[in-house]
Novice: 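Below is the structure I would like to discuss, written out as structure tokens.
Quick note on labels: first sequence line is chain A, next is B, and so on, each numbered from 1.
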Amino acid sequence: MLNGGLIPGRPYVISGTTGAGKTTLAIQFLQQGVRQAERALLVAVDEPPSEIRENVRSLGWDVGKIRILDVHPSAKAFNKRVSLVEVAAQRSVGSLREAGPNAKTEAMKQASPEISIQSLQLMLKQELQESRYSRLVIDSLTSLKKLSQNMEDTNNSIMSLLRFVSESNVTGLVITDLPDPTVLEPEIFLCRGEIRLHKRMVGNRAERCVTVEKFRGSDHDLLPRPVTITDSGISIDAKRKISKASLKMLQAFTQFSR
Amino acid sequence: MIKDKIKTGTPGLDEMLDGGLIPGRTYIVSGASGTGKTTLAMQFLLEGAMHGERVLYIALDEPPNEVRKNMMNLGWDLATIQVFDATPDVMSYDKTPVRDVSTERAVTYFKELPDKIRITSDRSPADISINTVQEMLKQEMKVRKYTRVVVDSLTSLRYFYIKTSEENASMISFFRLLSDLGVTTLATVQLPEIAKPDVEAHMARGEIRLQRWLDGRGLMRGVTIEKYRGSCHDSQLRSMKITADGIVVKLSTTEKTVTEKEDEDRSKDAGQSRQPDRTGPQAQPVAVPQTPTPPALPSPSSIEQKVAKPV
């Protein structure tokens with residue numbers, strides 16, 4: 001569908017409704033990198049890494065080599081918060097294999113640092129200085145935005161974060177929820193491409209499909225394609241068209257930009 | 001008709017615009033993501049560059065080295081197009097001295113750009129705001145006479161460069177500056193999937209909108225002229241393709257394939273008949289291949305109605 005794959009060193013967005021398979025797709029992207037002896041980093045905001053590991057294990061993948069940065073917010077302690085700079089020093093990257101059931105360390109229990117886009121950028125900066133990554137997934141930017149408290153500067157922070165990822169020559173996949181069609185989210189127009197996963201009820205069955213909404217600098221598939229999630233992960237049948245019924249459902253949701 | 005219009009460089013679009021754009025004014029190209037705004041804007045610059053004009057590309061969101069790489073896929077040589085890299089730096093959240101960008105960065109040619117993205121200097125990131133972009137433009141226009149300028153994108157300018165609360169006032173002043181400079185400007189505006197009119201659309205002298213919708217045949221692309229002051233223009237939605245050579249607008253009408261009868265029924269219901277094609281350049285009989293499309297598609301008829309109703 002992407003005419004060969006993603007262009008390296010650029011940020012991309014995976015969007016979709018809940019349960020559409022965004023995280024699975026992203027982990028497959030990291031897994032592919034690890035198989036080719038690249039370094040891959042997962043930034044976990046939505047789910048604690050231990051849960052991700054369990055979920056992925058049920059698909060039978062060995063994800064031990066994917067590095068993970070746990071930015072899952074810990075339960076808030078309502079005492080004095082530590083400053084942003086200290087966050088970077090506290091959170092560290094572990095491999096997904098190490099993510100035990102009690103991923104939260106003692107230090108973190110004591111101080112619950114504030115997670116924001118800015119602090120993530122600082123953490124990434126430290127991490128990328130230490131080792132070179134070629135693939136990065138942020139799961140998800142939507143949560144990260146909700147955690148960032150000063151809304152005023154969110155746009156600039158996202159711009160800065162994505163810019164930082166591309167300056168570091170890392171191919172990034174940023175996971176977001178399906179955007180509100182009336183609001184223009186900055187990550188959508190900043191990214192160099194958007195892959196959208198759809199899941200809709202057709203009759204009494206959920207049907208999945210995927211579209212490439214945007215892909216700068218490359219030809220891409222213009223048709224929605226059916227998606228299946230099996231025991232071995234997500235697969236896309238790029239030769240088949242989606243059923244007429246689900247096409248109709250899609251059409252009802254894609255409107256003219258007006 | 002105003003004589004001496006300038007060509008847009010996109011095949012078919014000039015016919016829709018009754019010959020081209022009126023020089024010295026500001027126009028916008030709007031559309032959702034992935035509709036081809038940057039490509040269309042680049043074709044506008046290339047058209048000028050081919051005829052020996054001085055043209056300037058102001059990069060505000062996509063790093064120019066990537067733009068160049070993307071356009072190379074289309075086989076275009078951007079060598080003679082000048083570029084100002086105004087993409088913001090990575091923010092460092094500690095206190096660092098901030099420099100003014102207009103003194104730090106200069107306009108260069110596309111061919112002089114490095115292959116890699118510009119890396120933020122560790123010590124002092126540059127600070128870009130709408131004011132510094134304006135200053136740069138003023139200085140540049142004094143030194144070199146540009147005839148065509150592309151601002152890509154105006155949306156970034158609004159999102160990342162305006163730090164005051166007076167977004168709209170700053171935008172209006174930016175438009176004012178552009179018309180004072182007397183340069184023909186094409187600015188790109190990114191729209192959300194369901195857009196509401198914004199101050200950019202009011203201020204521009206014309207708006208070319210790129211459309212995209214889903215059809216039984218897949219993703220369809222189209223272009224409409226939403227507004228064009230001082231010139232007659234095509235009021236129909238025309239289909240558009242992004243080919244290996246760039247954007248091409250097809251002048252045969254787009255949506256007549258899909259059960260015309262039903263369309264007309266619907267527009268009658270809505271109490272309006274389809275507008276006759278005013279400037280329709282020799283409205284050719286429909287030559288769109290009859291592809292098997294499901295008969296009751298919601299989108300094409302709504303398109304027709306929307307086109308028939310000028311905003």
Novice: Listed by chain and number, what are the side-chain contact (heavy atoms from CB on, under 4.5 Å) partners of A:Arg208, not counting sequence neighbours?
Specialist: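 So A:Arg208 forms a side-chain contact (heavy atoms from CB on, under 4.5 Å) with A:Lys199, A:Val227, A:Ile229.
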Novice: Tell me yes or no: between the side chains of A:Ser143 and A:Ser140, is some donor less than 3.5 Å from an acceptor?
Specialist: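 There is such a pair (donor and acceptor under 3.5 Å, judged by atom type) between the side chains of A:Ser143 and A:Ser140.
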Novice: Applying ring pair (Phe, Tyr, Trp, His ring centres under 6.0 Å), can you list everything that pairs with B:Tyr57, at least two apart in sequence or on another chain?
Specialist: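 Applying ring pair (Phe, Tyr, Trp, His ring centres under 6.0 Å) to B:Tyr57 gives B:Phe110.
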Novice: Output the option from B:Thr87, B:Ile242, B:Thr35 having the highest count of non-hydrogen pairs under 4.5 Å with chain A.
Specialist: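 Greatest number of close heavy-atom pairs with chain A: B:Thr87.
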Novice: Please look at A:Pro224 and chain B and tell me whether the side chain, the backbone, both or neither of the residue comes under 4.5 angstrom of a heavy atom of that chain.
Specialist: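 For A:Pro224, the contact with chain B is made by the side chain alone.
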Novice: Is the number of heavy atoms from other residues, nucleotides or ligands within 6.0 Å of NZ (B:Lys69) greater than 12?
Specialist: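 Not buried by this count: 12 neighbours or fewer within 6.0 Å.
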Novice: What part of A:Asp219 gets closer than 4.5 Å to chain B, counting heavy atoms only: side chain, backbone, both or neither?
Specialist: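 For A:Asp219, no heavy atom lies under 4.5 Å from chain B.
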Novice: Counting only heavy atoms closer than 4.5 Å, note whether B:Thr155 contacts chain A via side chain, backbone, both or neither.
Specialist: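 For B:Thr155, the contact with chain A is made by backbone and side chain together.
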Novice: Using non-hydrogen atoms and a 4.5 Å limit, figure out which bit of B:Thr39 sits close to chain A: side chain, backbone, both or neither.
Specialist: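 Neither part.
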Novice: Using a cut-off of under 4.5 Å on heavy-atom pairs, state which of A:Arg192, A:Arg163, A:Met159 scores highest against chain B.
Specialist: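 Counting heavy-atom pairs under 4.5 Å, the top option is A:Arg163.
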Novice: For A:Ile158, does its backbone N or O pair with a side-chain atom of A:Glu187 as donor and acceptor, under 3.5 Å?
Specialist: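 Pair absent, no side-chain N/O of A:Glu187 close to backbone of A:Ile158.
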